[in-house]
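Report on the following structure.
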Amino acid sequence: MPLKVVVVGGGTAGWMTAAALAALLGPRIAETHLIESEEIGIVGVGEATLPHIRAFNARIGIDEAEFMAATGATFKLGIEFRDWGRRGDSYIHPFGAFGQDTDEVGFHHYLNRAGGLADIEAFSLPIVAARHGKFAPPSEDRSLLSTYGYAYQFDATRYAPFLRARAERGGVTRTEGRVVDVSRDPFSGDVTAVTLADGTVVEGDLFVDCSGFRALLLGQTLGEAYEDWSRWLPCDRAVAVPCAAASGPIAPYTTATAMAAGWRWRIPLQHRVGNGYVYASRYIDDGAATEALLGAIEGEPQAEPRFLRFTAGRRSRAWVRNVVGIGLAGGFLEPLESTSIYLIQTAITALIELFPQGAITDIDRDEFNRVLGVEYDRVRDFLILHYHATTRDDSPFWDHVRTMEVPDTLAEKIDLFRRRGRVMTYREGAFLEPSWIAVYLGQGIVPRGYDQRAELPSGAALGKALAQLRGETARAVATMPDHAAYLSTIGAAA
């Protein structure tokens with residue numbers, strides 16, 4: 001008998017979950033029923049992703065060109081950060097490597113020995129391509145053109161309907177309605193059914209809470225505690241507005257510009273530009289934030305500003321009894337570094353791998369919660385680094401984040417890199433060594449030392465190799481088409 005799975009809530013989290021269950025487990029293992037209400041809108045302000053989404057889309061059988069046309073998507077080689085370390089700065093966090101590691105020694109150690117860390121972007125193919133507005137998919141050989149990945153920038157309000165069509169074709173049942181009551185077993189405490197406003201009762205064995213910030217099942221019904229991380233991530237508001245795209249090239253990257261009380265995103269799509277200001281309400285009010293955002297966008301607004309309120313953090317456990325929280329119901333760490341959809345994907349992957357075989361067991365729940373906890377904690381540290389690694393003292397907000405006490409786990413990482421250029425790496429985690437290097441160096445954390453093995457090549461040999469690699473990178477980018485030109489070749493135009 002298949003397990004009856006009830007997904008409460010649609011949007012990106014709900015339909016990603018339903019589509020994955022249909023494609024990867026099928027109705028013989030999971031009989032999936034999704035409940036959503038058109039009265040409750042999609043948050044849908046996050047329009048930028050990490051490269052991991054490509055693997056998710058491929059696993060459930062999505063054709064890239066079809067997806068891009070349906071969602072107005074563009075390609076993304078990284079994220080540009082402006083004014084973060086200090087005003088006037090600009091660096092790109094790339095989805096790819098810096099140079100080439102040699103004999104298990106990171107490339108940045110050799111560059112540091114040569115005194116060239118300030119020029120590290122010239123040795124990253126995705127950064128050079130992004131700066132020149134170029135894009136081509138990585139090659140499948142072992143050449144320089146294989147040393148990067150890419151993600152997408154897309155209209156999140158189009159992604160959920162796109163997934164819904166696939167999920168329903170795969171056997172998912174959708175019911176329109178608003179949940180007004182939750183029934184629980186008096187002995188086990190498990191959720192047994194939800195009741196909709198029209199009186200419909202939907203029973204299930206496993207419930208997936210995708211109800212957004214309300215966390216209807218995980219938070220309101222089961223009372224799972226929420227860990228508040230606002231002492232490190234003080235931004236608790238966002239205002240978003242799309243605007244008409246300016247004439248000119250479509251940038252193959254997202255831009256995050258530091259503002260007086262937070263930061264502003266710019267995400268170029270095929271049909272418009274997404275804009276938003278993520279800010280701390282302790283330092284600026286909604287009206288002033290909206291005025292600052294509208295004063296910064298380059299085209300005519302295409303909608304009224306939308307507001308989002310949140311508290312950075314996560315549920316202590318994302319799987320409690322027979323309820324799994326995915327998406328905002330399980331936690332939210334703000335849009336910086338485009339991790340929201342990645343964390344949804346991580347939870348779905350863990351659920352598929354640990355899907356109950358009959359009765360739900362503690363060992364499966366515990367492993368799911370461990371995996372999600374590790375991901376959230378490590379993403380949290382990476383985001384805090386962006387705020388804390390700054391010399392800015394031009395506003396109360398930046399004074400606070402620059403001087404605040406950070407988690408011991410992050411303080412240790414910073415000290416290790418500053419002392420000898422070593423990046424603490426893990427078997428699990430979204431951000432690998434190049435990501436940390438980009439932010440450390442981009443925001444002024446420069447190592448005093450380097451791996452002693454970087455001294456092994458002669459100075460002349462090292463200088464020649466660096467010059468050759470720099471030239472090869474520039475020449476490789478020169479062969480790539482413009483971003484918009486490549487979009488047209490795959491028929492992705494909306």
Looking only at side-chain N and O atoms, does His483 offer a donor or acceptor that is under 3.5 Å from a partner on Thr74? no
Donor-acceptor pair, distance only, cut-off 3.5 Å: does the side chain of Ser124 make one with the backbone of Glu121? no
Cationic tip of Arg314 within the cone over Trp229's six-membered ring, i.e. under 6.0 Å and within 45° of the normal? no
Does Asp482 reach the main-chain N or O of Ala485 with its side chain, forming a donor-acceptor pair under 3.5 Å? no
Using atom types as modelled and distance alone, determine if a side-chain donor or acceptor of Thr221 lies under 3.5 Å from a backbone N or O of Leu216. yes
Quick one: do Thr71 and Asp155 satisfy side-chain hydrogen bond (donor to acceptor under 3.5 Å, both in side chains)? Show the steps, please. CA-CA 5 Å; Thr71 61; Asp155 188 336; over 6 Å; no
For Gln153 and Thr254, which I'm curious about, is there any donor-acceptor pair between the side chains at under 3.5 Å? yes
Between Tyr279 and Tyr277, does the ring centre distance come in under 6.0 Å? yes
Assess, by modelled atom type and distance only, whether the side chains of Arg282 and Ser230 contain a donor and an acceptor separated by less than 3.5 Å. no
Any donor-acceptor N/O pair, Asn369 side chain to Ala318 backbone, under 3.5 Å: yes
Around atom CZ of Arg86, are there more than 12 heavy atoms from other residues, nucleotides or ligands closer than 6.0 Å? no
When you look at Val273 and Asn275, which way does the side chain to side chain contact (heavy atoms under 4.5 Å, CB included) test go after all the steps? CA-CA 6 Å; Val273 174; Asn275 307 278; 3.7 Å; yes
Assess whether atom CZ of Arg231 is packed by more than 12 heavy atoms of other residues, nucleotides or ligands within 6.0 Å. yes
With a cut-off of 6.0 Å (strictly less than), are more than 12 heavy atoms of other residues, nucleotides or ligands near NE2 of His132? no
Reference residue Gln443; test side-chain hydrogen bond (donor to acceptor under 3.5 Å, both in side chains); the match among Trp84, Tyr91, Tyr387: Tyr91
Could you tell me whether Phe310 and Phe332 have their ring centroids closer than 6.0 angstrom? yes
Apply side chain to side chain contact (heavy atoms under 4.5 Å, CB included) to Asp286 and Arg309, showing your working. CA-CA 11 Å; Asp286 293 346; Arg309 296 187 175 195; 4.0 Å; yes
So, Phe417 versus Trp436, ring centres under 6.0 angstrom or not? no
Verify the ring-centre separation between His386 and Phe81: is it less than 6.0 angstrom? yes
Verify, without hydrogens or angle tests, whether Lys76 (side chain) and Pro252 (backbone) share a donor-acceptor contact under 3.5 angstrom. no
Write down the atom of Ile35, the atom of Gly177, and the distance for their closest heavy-atom approach. CG2-O, 3.7 Å
Lys413 side-chain N/O to Thr409 backbone N/O, donor-acceptor pair under 3.5 Å: yes
Here the pair of heavy atoms bringing Ile127 nearest to Ile92 is CD1-O, 3.5 Å
Quick one, Leu34 with Thr17, criterion side chain to side chain contact (heavy atoms under 4.5 Å, CB included). Give me CA distance, side-chain angles, the key distance, then yes/no. CA-CA 10 Å; Leu34 186 143; Thr17 301; over 6 Å; no
Any idea which heavy atoms bring His271 and Gln302 closest together, and the distance? O-NE2, 4.4 Å
Scan side-chain atoms only and decide if Tyr152 and Glu64 contain a donor-acceptor pair under the 3.5 Å cut-off. yes
For Phe135 and Phe75, I'd like to know if the aromatic rings sit close, meaning centre-to-centre distance below 6.0 Å. yes
Has Glu298 got more than 12 heavy atoms of other residues, nucleotides or ligands less than 6.0 Å from its CD? yes
Which atom pair, heavy atoms only, marks the closest approach of Val241 to Ile297? CG1-CD1, 4.4 Å
Show the nearest heavy-atom pair for residues Gly149 and Leu77, with the distance to one decimal. O-CD2, 3.9 Å
Using 0.5 Å steps for rounding, measure from the OG1 atom of Thr32 to the CZ atom of Arg174. 15.0 Å
Is there a side-chain contact between Leu196 and Arg178 (heavy atoms, below 4.5 Å)? no
Go through the steps to decide whether Ile79 and Thr255 satisfy the test side chain to side chain contact (heavy atoms under 4.5 Å, CB included), and finish with yes or no. CA-CA 6 Å; Ile79 306 170; Thr255 300; over 6 Å; no
Taking every heavy atom of Arg315 against every heavy atom of Phe213, the minimum-distance pair comes out as NH2-O, 4.4 Å
Using atom types as modelled and distance alone, determine if a side-chain donor or acceptor of Asp89 lies under 3.5 Å from a backbone N or O of Asp83. no
